[in-house]
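Here is how names work: the chains are called A, B, and so on, in the same order as the sequence lines, proteins then strands, and each is numbered from 1.
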Amino acid sequence: MTLHVHNTLSRTKETFEPISSDHVRMYVCGPTVYNLAHIGNARPVVVFDMLARLLRRLYPKVTYVRNITDIDDKINAASRETGEDIRSITDRTTKVFQNDMAALGSLPPDVEPRCTDHVDQMIRMTGELIETGNAYEAEGHVLFNVPSMAEYGQLSRHSRDELIAGARVDVAPYKRDPADFVLWKPSDEATPGWDSPWGRGRPGWHIECSAMAQEYLGNEFDIHGGGQDLIFPHHENELAQSRCANHTGSMAKYWMHNGYLMAEGEKMSKSLGNFYTVHDLLDEFPGEAIRLVLLQTHYRQPLDFTKEGIAEAKRTLDKWYRAIGDHVPESDDVPDSITRALSDDLNTPKAITELHRLSGDASKQAFLAAANFMGLMQQSADDWFKWSPADAAPVDEAAIEVLITERTEARASKDFARSDEIRDELAAQGIVLEDGADGTTWKRKNS
RNA sequence: GGCGCGAUGGCGGAGAGGCUACGCAGCGGCCUGCAAAGCCGUGUACACCGGUUCGAAUCCGGUUCGCGCCUCCA
């Protein structure tokens, strides 16, 4: 099966040919851990989780690296504001992030490096860039000199001149060129800092990914992923740093970017009330429903994330869980139709169409294998239907059973008035009764 | 201002020069004491205006609307 992926470098779909056919290497930019991840942060996680799962099917070995950025001025600001220790903020936020992403059915990456453990590598790379003449020291800063790299702008397709023409921000006086960006900057006493040849300071925004990618994946690797918003400046600058420091013609062979996400038709913002953290959404909806919403749209398309959309995804999963009944997965033979759809630049919507078709098969094995592969249908139908929102009123199961028994007797004696009364009574409490072939069952009315 | 992305039926969402997906919702039917579920059937579409072509939702040009980025900075 040939994999095709859209490469941002060429802006076209290309045949995926790994640098080394027995080992595929992928780096995805992870979160800056200073607050809870929102649904926009979750999109690349779920998308590249799906890609990693597919790569593991297609190739003997995959190394998937996703970093944790725990050095950042937003973290420093949060700490100053709340008084919470920086390490405490980043540890706590990292843990919640990992749990939330697991709840969305995403497998952990193979390596999840933290910036604080790799400052030495960043210092080394910064030093190397000074040596190659691509960077210079100025007033305690080390800056990457953009004009020193002829091909700067190849990823974002911004020319240096355009950037300067459109610049909205005052250029720092110590920059040799207005487009130059920071590799290292000085820290005052109140700010975390590390000793370096240029004094006590901290790394700039982009160098961490260059350093950690190099550490775990080598000078050149196969796929570099992230959200479209990272193309410029983050990935453009990473690319420049890595190429110059590693003396290579590329950093990653394929650059993949997922599209933007909006919420309820508008850009997410706290003031609009449409700022959804994954953590909060998980109180309201099962993680699989959120994952399905994210996979229902092709990763490069814009996605308007809505609560109604999650509710609809949940109804789809309700249907699938009803369809599988007591079937449990017995194999992990994923049908070709699924692999084929995903191999076409991760066409998850097409794969989901295929899931709909497979769910109707008499044997549920192909369906279960395919859905599991996509990180869906990972629980028993029983467990699925037991799920309830965090704020749901507790149900008195015993009382419900008593009423069901009474209703069964009423129905047996054709007392349908009483039977319907019980149905209505329970419906008012959000309990739906279903008369099946082997008795009456109940479930919560969630959506 | 510069650069880029998007627009498909009531909704979600693939596809892509002729075969007009799929899901939800709707409608009709079967089933059911009722209901739910299930099954069968069914309608509705490619933002707008031109062009290329025997044929365009799909290619080209323009328009409109929506969105993003333009470097460490709140």
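- A/Y299 and A/D345 are linked by a side-chain donor-acceptor pair at a separation below 3.5 angstrom, with hydrogens and angles left out of the test.
- A donor atom on one side chain and an acceptor atom on the other are found under 3.5 Å apart for A/T132 and A/N134.
- Nucleotides B/G15 and B/A57, compared at atom C1', are 10 Å apart to the nearest Å.
- A cation-pi arrangement is absent between A/R66 and A/F48 under the rule of less than 6.0 angstrom and at most 45 degrees off the ring axis.
- Ring centers of A/W205 and A/F181: at least 6.0 Å apart, outside the cut-off.
- Between the side chain of A/S156 and the base of B/G4, no donor-acceptor pair under 3.5 Å is found.
- For the C1' atoms, the distance from B/G43 to B/C27 is 8 Å, rounded to whole Å.
- Note on A/L433: a base of the nucleic acid sits closer than 4.0 angstrom, heavy atoms only.
- Contacts of A/N237 with the nucleic acid, taken as non-hydrogen atoms under 4.0 Å apart, include base atoms.
- No engagement by A/T306 is indicated, since no non-hydrogen atom pair under 4.0 Å with the nucleic acid exists.
- With a 3.5 Å limit on both pairing distances and Watson-Crick or G-U wobble geometry required, the stems of 3 or more pairs in RNA chain B span B:1-7 with B:64-70, B:10-12 with B:22-24, B:26-30 with B:38-42, B:47-51 with B:59-63.
- Salt bridge annotation for A/R418-A/E406: present, with a cationic side-chain nitrogen under 4.0 angstrom from a carboxylate oxygen.
- Side-chain atoms of A/R322 stay outside donor-acceptor range of the base of B/A37, with no qualifying N/O pair under 3.5 Å.
- Nucleotides of RNA chain B nearest to A/K319 and A/Q228 differ in position, and the one nearer the 5' end is that of A/Q228.
- A/R202 comes within contact range of no nucleotide atom at all, as no heavy-atom separation falls under 4.0 Å.
- Within 4.0 Å of A/D420, counting heavy atoms only, lies at least one base atom of the nucleic acid.
- Remark: the separation of the P atoms in B/A25 and B/A37 is 8 Å, to the nearest Å.
- For A/D435 against B/C34, a side-chain-to-base donor-acceptor contact under 3.5 Å is present.
- A/E354 comes within 4.0 angstrom of nothing in the nucleic acid, heavy atoms only.
- Taking atom P in both B/G17 and B/C60, one finds a spacing of 12 Å when rounded to whole Å.
- On a pure distance criterion of 3.5 Å, no polar donor-acceptor pair joins the side chain of A/R300 and the base of B/C5.
- Nearest to the side chain of A/H158, among B/U71, B/G23, B/C3, sits B/C3.
- Between B/C73 and B/G62, the distance separating the two P atoms is 39 Å to the nearest Å.
- Salt bridge present: A/D49 and A/R53 bring a charged side-chain N and a carboxylate O closer than 4.0 Å.
- Across B/U53 and B/G18, the matching C1' atoms stand 12 Å from one another, rounded to whole Å.
- Here A/W320 and A/H356 bring their ring centres to under 6.0 angstrom of each other.
- Less than 4.0 Å separates RNA chain B from at least one heavy atom of each of the following residues of residues 409-418 of chain A: A/R411, A/F416.
- Nucleic acid contact class of A/H206 (heavy atoms, under 4.0 Å, all strands): base.
- Between the side chain of A/E312 and the base of B/G23, at least one donor-acceptor pair of N or O atoms lies under 3.5 Å.
- Across all strands, A/K74 comes closer than 4.0 Å to no nucleic acid atom at all (heavy-atom distances).
- With both ends at atom C1', the span from B/G12 to B/G29 equals 27 Å, rounded to whole Å.
- B/C40 and B/G55: their P atoms are spaced 40 Å apart (whole Å).
- A/M262 CE to A/M268 CE: the interatomic distance, rounded to the nearest 0.5 Å, is 11.0 Å.
- Along RNA chain B, the nucleotide closest to A/D344 and the one closest to A/T353 are compared, and the more 5′ of them pairs with A/D344.
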